[in-house]
Amino acid sequence: MSCRSRPRRGGTHASRAGRPGLYSAYVEGYSIHDRARWVGEDPAQKRTDRHDFARDRARVLHCSGLRRLAAKTQVVRPDSGDFARNRLTHSLEVAQIGREFGAALGCDADLVDTACLSHDLGHPPFGHNGESALALACADIGGFEGNAQTLRLLTRLEAKRFHPDGRSAGLNLTRASLDAATKYPWPAAQAPQGSAKFGVYEDDLEVFTWLRDGVTTARRCIEAQVMDWSDDIAYSVHDVEDAVASGELDLRVLTSPVDLVPVFDTARRWYVPQAEDAMLEAAVDRLLRSGQMAQGYDGSRAGQAALKDMTSRLIGRFVLASEKATRAVHGPGPLIRHNADLVVPEQARTEVAVLKALAAHFVMLSPARMSVRENEHAVITGLLEAFSEVPERLDPVHRADLAQARSQAEARRVIVDQVASLSDLRALSLYDTWWR
């Protein structure tokens, strides 16, 4: 990604010298409505050298949910080696991409950074495999969705601020930060046709309605769109890097039509349903002709450098493609909140889908990985049962939530909150203790 110098939206601390207190309240282009918090806070407790979105970013950086991502699966389990990424390192990399990308479009860098750091907080143990196991187990109480769990964590489960009546308000982030962290701004009942994704559970609709105040459609703010595309870029490129470094993927398959057949099938099944072979073949051809794909990895320091160079070039390729396309439509001015939509060229989106499919086919869908996935489902199901049968096993905060549950559905949701909060390693340890 380009490292050219860009002015920071909202100015710098130095540029605010001699204007005490103004920096904490003022963010260029963002209104008081955007910077409002669900629960009012004492102005006397604010530092005057940070603005509202910098404070949001700090709250996420210091929250326990972010720390737990260090022991949660990205593609391979955190205990499988020293090189592969986990959910925390992935989130940090998404934040680095999104921060610069958003700033180039005129978004506040701290706001986009906050959304990127937050985007995977709701993921349970074992990544998307754990998510599917939880969704199946609680289908009758509104299901489970990692993105809806993220909103729940930010606005309820994390400890920072409380309503006057004693209810938790979570980290109490600003409206704009919560909106930027909401990848799917609709409840399950209003999901677009063909989509199983949603961003809020029914019992969290109060805060969702508050954060979406003034938005009359399901349109995402541009900061959320920047976060989403940065996420796609990061995990498509880095998952391929991890797969190559671990020896599970040899990029010379890109020159083998036979080896690409199942990769294209995975791309259609998971990422680009309407893509024909010709479109996917063209994407592979562009990637190969770009000279950016490292091939013949041998594990040497030179090989590692070539692999890192590949990731840097590909990230820059996809960010710049979207930045240019977005500027071509919206012009040179600052693009914030709901005044513009991100434009991602179809060619870039297809190339990213091919990279995702490479990692998915050769790592996540490999025979060895499939047997692990079955065990992970059993762990999730067993933990739900164990916590339900002996509620005293719940962590103290979840025991308190269970005591306040007003219905069986709310009680079961508390159990789900507990299981979703666990790291991979703790989930496996508890399961081994209770079931083996």
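Counting non-hydrogen atoms of neighbouring residues, nucleotides and ligands closer than 6.0 angstrom, the CD atom of Glu410 exceeds 12 such neighbours. By the 6.0 Å contact criterion, CD on Glu281 is enclosed, its count of non-hydrogen atoms from other residues, nucleotides or ligands being greater than 12. Heavy-atom neighbours of Lys197 NZ from other residues, nucleotides or ligands within 6.0 Å: above the threshold of 12. Other residues, nucleotides and ligands contribute only 12 or fewer heavy atoms inside 6.0 Å of the CZ atom of Arg252.
For Phe362 against Val253, the heavy-atom pair with the smallest separation is CZ-CG1, 4.0 Å. Shortest non-hydrogen contact noted between Ala180 and Glu223 is CB-CB, 3.7 Å.
Atom CG of Leu402 is separated from atom CZ of Arg412 by 13.0 Å, given to the nearest 0.5 angstrom. The NZ atom of Lys356 sits 10.0 Å away from atom CE of Met364, with the distance rounded to the nearest 0.5 Å. Leu260 contributes atom CG, which lies 9.5 Å from atom CG of Asp277 (distance to the nearest 0.5 angstrom). Put simply, CD1 on Ile315 and CD on Gln292 are 11.0 Å apart, with the number rounded to the nearest 0.5 Å. Rounded to the nearest 0.5 angstrom, Asn375 CG and Asn129 CG are separated by 10.0 Å. With rounding to the nearest 0.5 Å, the separation of CZ in Arg55 from OG in Ser177 is 11.0 Å.
Among Val379, Thr381, Leu383, the one residue that satisfies the side chain to side chain contact (heavy atoms under 4.5 Å, CB included) test with Val419 is Leu383. When the options His163, Lys160, Glu41 are evaluated for a side chain to side chain donor-acceptor pair (under 3.5 Å) with Asn172, the one that passes is Glu41. Evaluated for a side chain to side chain contact (heavy atoms under 4.5 Å, CB included) with Arg152, the options Asp204, Asn147, Val416 yield exactly one hit, Asp204.
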Assess the residue pair Phe208 and Tyr201 against the criterion (ring pair (Phe, Tyr, Trp, His ring centres under 6.0 Å)); give the C-alpha distance rounded to whole Å, side-chain angles, the decisive distance to 0.1 Å, and a yes or no. CA-CA 9 Å; Phe208 178 77; Tyr201 300 123; over 10 Å; no

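Because its NZ or CZ atom is not both nearer than 6.0 Å to the ring centre of Trp38 and within 45° of the ring axis, Arg175 does not count as a cation-pi partner of that residue. For the pair Arg349 and Trp229, the cation sits on the ring face: its NZ or CZ lies under 6.0 Å from the ring centre, inside 45° of the axis.
The backbone N or O of Leu425 sits nowhere less than 3.5 Å from a side-chain atom of Ser429 that would complete a donor-acceptor pair.
Residues His377 and Glu374 bring no donor and acceptor atom of their side chains to less than 3.5 Å of each other.
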